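Heavy-atom basis, side chains included; hydrogens, waters and symmetry copies ignored. Nothing fancy with the numbering, it's 1 onward along the sequence. This is a predicted model, so every value here is computed, not measured.
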Amino acid sequence: MAENEKNAAAAPEAAAPEAAPVKKAPKPASPGTQALRDVVSKVYAAAWEAKEAGRPVGWSSSKFPCEIAEALGLAVVYPENQAAGIGAQHDGQRMCEAAESLGYDPDICGYARISLAYSAGVETTNESRRVPMPDFVLCCNNICNCMTKWYENIARMHNIPLIMIDVPYNNEVTVSDSQVAYIRGQFDDAIRQMEKIAGTKFDEKKFEQACANANRTAKAWLKVCDYLQYKPSPMSGFDLFNHMADVVTARGKVETAEAFELLATELEEHVKNGTTTAPFPEKYRIMFEGIPCWPNLKTLFKPLKANGVNVTAVVYAPAFGFVYDGLDDMARAYCKAPNSVCIEQGVDWREGICRDNKVDGVLVHYNRSCKPWSGYMAEMQRRFTKDLGVPCAGFDGDQADPRNFNEAQYETRVQGLVEAMEENMKQKEARA
């Protein structure tokens with residue numbers, strides 16, 4: 001035997017190079033989920049195509065009436081969606097710090113800071129959320145008043161038109177006729193301004209089609225949300241958070257309606273078969289109150305999964321389900337955003353969702369980026385416990401800036417909620 005062959009034969013097996021760890025392949029997306037992913041990609045691609053062709057591109061707040069821009073054929077992207085995507089891809093802190101270096105206070109909304117940094121020319125490392133710079137901005141303050149200053153700053157940076165629709169905070173449950181007339185007048189003014197930007201006249205038939213698409217999308221989206229009522233839920237509420245990009249960026253497009261209808265069909269099959277896409281057995285059901293911490297989604301999910309806690313009710317997702325009939329009703333619908341309604345209506349909405357979706361507890365996100373939403377959450381928690389008899393737990397966090405989230409605190413609060421729900425169940429069983 002040759003010398004080198006002897007050495008090879010004598011070499012111990014341990015000397016062999018270690019194999020690289022095998023990565024588990026992700027499960028393929030369902031047809032409905034894939035269709036929804038494609039919708040968002042097309043919105044971003046259409047904006048770049050418009051910019052390259054010399055057509056105007058707008059940046060819009062998520063609850064500005066998208067139907068107007070859709071009817072005029074204007075390409076529009078949504079800074080809130082962009083900021084959430086940047087945060088989810090762990091580039092939010094760097095962008096927030098860049099905005100702070102420009103003089104923006106760290107106490108303002110993380111979405112705003114990310115967007116203002118990007119608007120000022122700070123590039124994001126998340127290539128999928130890069131958008132062309134705006135030629136006009138569309139703002140509606142039914143979300144919060146921070147939107148107004150945020151979009152005013154973008155307009156000043158680029159010396160471009162700002163089209164603003166003011167939706168007053170409503171202290172009553174109903175929307176008055178005078179409030180509708182006030183908002184309708186602003187719709188008419190916005191149409192005139194956007195006609196000049198688009199270089200074309202407003203087409204009533206195209207507008208009616210955009211409204212029909214938006215209503216169809218909203219109804220399909222709300223139907224998807226309603227499937228969380230079943231036991232076991234055919235999916236996790238975290239899936240709704242992932243699908244929100246579509247209802248934000250493309251409500252007025254028929255492709256979005258078709259994709260949500262396809263997803264609803266898939267969920268119906270899960271209900272019929274008693275199956276679920278949730279990756280763990282459902283032991284407890286909770287409402288997640290508020291906007292999720294996009295940079296920390298995995299961290300949010302981990303202790304819930306470990307304790308069999310499924311999110312079966314959310315407020316943030318169905319808030320984009322605008323259903324209406326005609327322009328007056330459309331004005332009323334756009335008044336019904338979570339931050340523009342009185343506390344009584346806010347409580348009724350949430351308690352209705354909790355009852356319908358059969359929750360055992362409530363997990364409240366005290367969001368540093370959304371003070372209008374978080375400000376009355378302590379009172380909300382008190383009412384949930386009193387009216388529904390379910391335990392609540394709150395944690396501090398942020399929708400975009402990871403510096404405001406503490407993992408240890410969150411895990412402790414989840415564990416406390418689980419223990420309280422378990423004790424609640426034991427007491428119910430003892431009384432039965």
Tyr104/Asn153 under side chain to side chain donor-acceptor pair (under 3.5 Å): CA gap, chis, key distance, verdict: CA-CA 11 Å; Tyr104 293 102; Asn153 273 266; 3.2 Å; yes
Run Glu282 and Lys231 through salt bridge (charged side-chain N to carboxylate O under 4.0 Å, His left out) and show every step you take. CA-CA 9 Å; Glu282 181 182 285; Lys231 282 190 173 185; over 6 Å; no
Determine, stepwise, if the pair Tyr227 / Asn357 fulfils side chain to side chain donor-acceptor pair (under 3.5 Å). CA-CA 9 Å; Tyr227 275 107; Asn357 294 32; over 6 Å; no
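- A salt bridge is defined here as a Lys NZ or Arg NE, NH1 or NH2 lying under 4.0 Å from an Asp or Glu carboxylate O, and Glu152 with Lys149 meets this definition.
- In this structure, His365 and Phe288 have tilted ring planes: the angle between them lies in the 30° to 60° band.
- In this structure, Lys63 satisfies the cation-pi test against Phe320, with its NZ or CZ atom closer than 6.0 Å to the six-membered ring centre and inside 45 degrees of the ring normal.
- Residues Leu102 and Ala120 share a closest heavy-atom pair of CD1-CB, 3.7 Å.
- Of the possible donor and acceptor atoms, one in the side chain of Arg285 sits under 3.5 Å from a partner among the backbone N and O of Leu228.
- The cationic group of Arg129 lies under 6.0 Å from the six-membered ring centre of Tyr44 and within 45° of the ring axis, placing it in a cation-pi geometry.
- Below 30°, between 30° and 60°, or above 60°: for Tyr316 and Phe241 the angle between ring planes is between 30° and 60°, a tilted geometry.
- Of the inter-residue distances, the one linking Gln409 atom CD with Glu411 atom CD reads 11.0 Å to the nearest 0.5 angstrom.
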Quick one: do Trp59 and Gln82 satisfy side chain to side chain donor-acceptor pair (under 3.5 Å)? Show the steps, please. CA-CA 10 Å; Trp59 287 10; Gln82 182 198 30; over 6 Å; no
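- The pair Glu195-Lys201 meets the salt-bridge criterion, with a side-chain N (NZ, NE, NH1 or NH2) lying under 4.0 Å from an Asp/Glu carboxylate O.
- Separation of atoms OG1 (Thr148) and CD1 (Ile143) is listed at 10.0 Å; rounding is to 0.5 Å.
- A donor-acceptor contact shorter than 3.5 Å is absent between the side chain of Tyr410 and the backbone of Phe405.
- Side-chain contact between Met425 and Tyr284 is present, with heavy atoms from C-beta onward closer than 4.5 Å.
- Remark: the backbone N or O of Ala278 is not paired with any side-chain donor or acceptor of Ser236 at under 3.5 angstrom.
- With 3.5 Å as the limit, one finds a donor-acceptor pair spanning the side chains of His270 and Thr275.
- Between the OH atom in Tyr182 and the CD atom in Gln179 there is a gap of 9.5 Å [rounded to 0.5 Å].
- If you look at Tyr334 and Phe64, their ring centroids are not closer than 6.0 Å.
- Within the model, atoms CD1 of Ile343 and CG of Asn171 stand 11.5 Å from one another, a figure rounded to the nearest 0.5 Å.
- For the residue pair Thr124 and Asp91, the shortest heavy atom distance occurs at OG1-OD2, 2.8 Å.
- Classification of the Phe260-His243 ring pair by plane angle, with boundaries at 30° and 60°, yields perpendicular.
- Between Phe238 and Phe301, the distance separating the two ring centers is shorter than 6.0 angstrom.
- Using modelled atom types, no side-chain atom of Tyr118 and backbone atom of Glu123 make a donor-acceptor pair closer than 3.5 Å.
- Looking only at side-chain heavy atoms (C-beta outward), Cys109 and Gln399 come within less than 4.5 Å of each other.
- At most 12 heavy atoms of other shown residues, nucleotides or ligands fall within 6.0 angstrom of atom NZ in Lys219.
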Chi angles and distances behind the side chain to side chain donor-acceptor pair (under 3.5 Å) call for Ser62, Glu80: CA-CA 7 Å; Ser62 63; Glu80 291 154 86; 2.8 Å; yes
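- Glu67 and Tyr324 form a side-chain donor-acceptor contact under 3.5 Å, judged by distance and modelled atom types alone.
- Interatomic distance, CG of Asn141 versus CE of Met164, reported as 4.0 Å (0.5 Å rounding).
- Between Asp107 and the choices Arg403, Lys371, Arg368, Arg113, the salt bridge (Lys or Arg N to Asp or Glu O under 4.0 Å) rule is met once, by Lys371.
- Across Ile108 and Ser369, no two heavy atoms sit closer than the pair O-OG, 4.5 Å.
- Rounded to the nearest 0.5 Å, atoms CG (Asn310) and NZ (Lys283) are 14.0 Å apart.
- For the pair Arg184 and Asp328, the salt-bridge criterion is met [side-chain N within less than 4.0 Å of a carboxylate O].
- When all heavy atoms are compared, the tightest approach of Met95 to Ala117 is O-CB, 3.4 Å.
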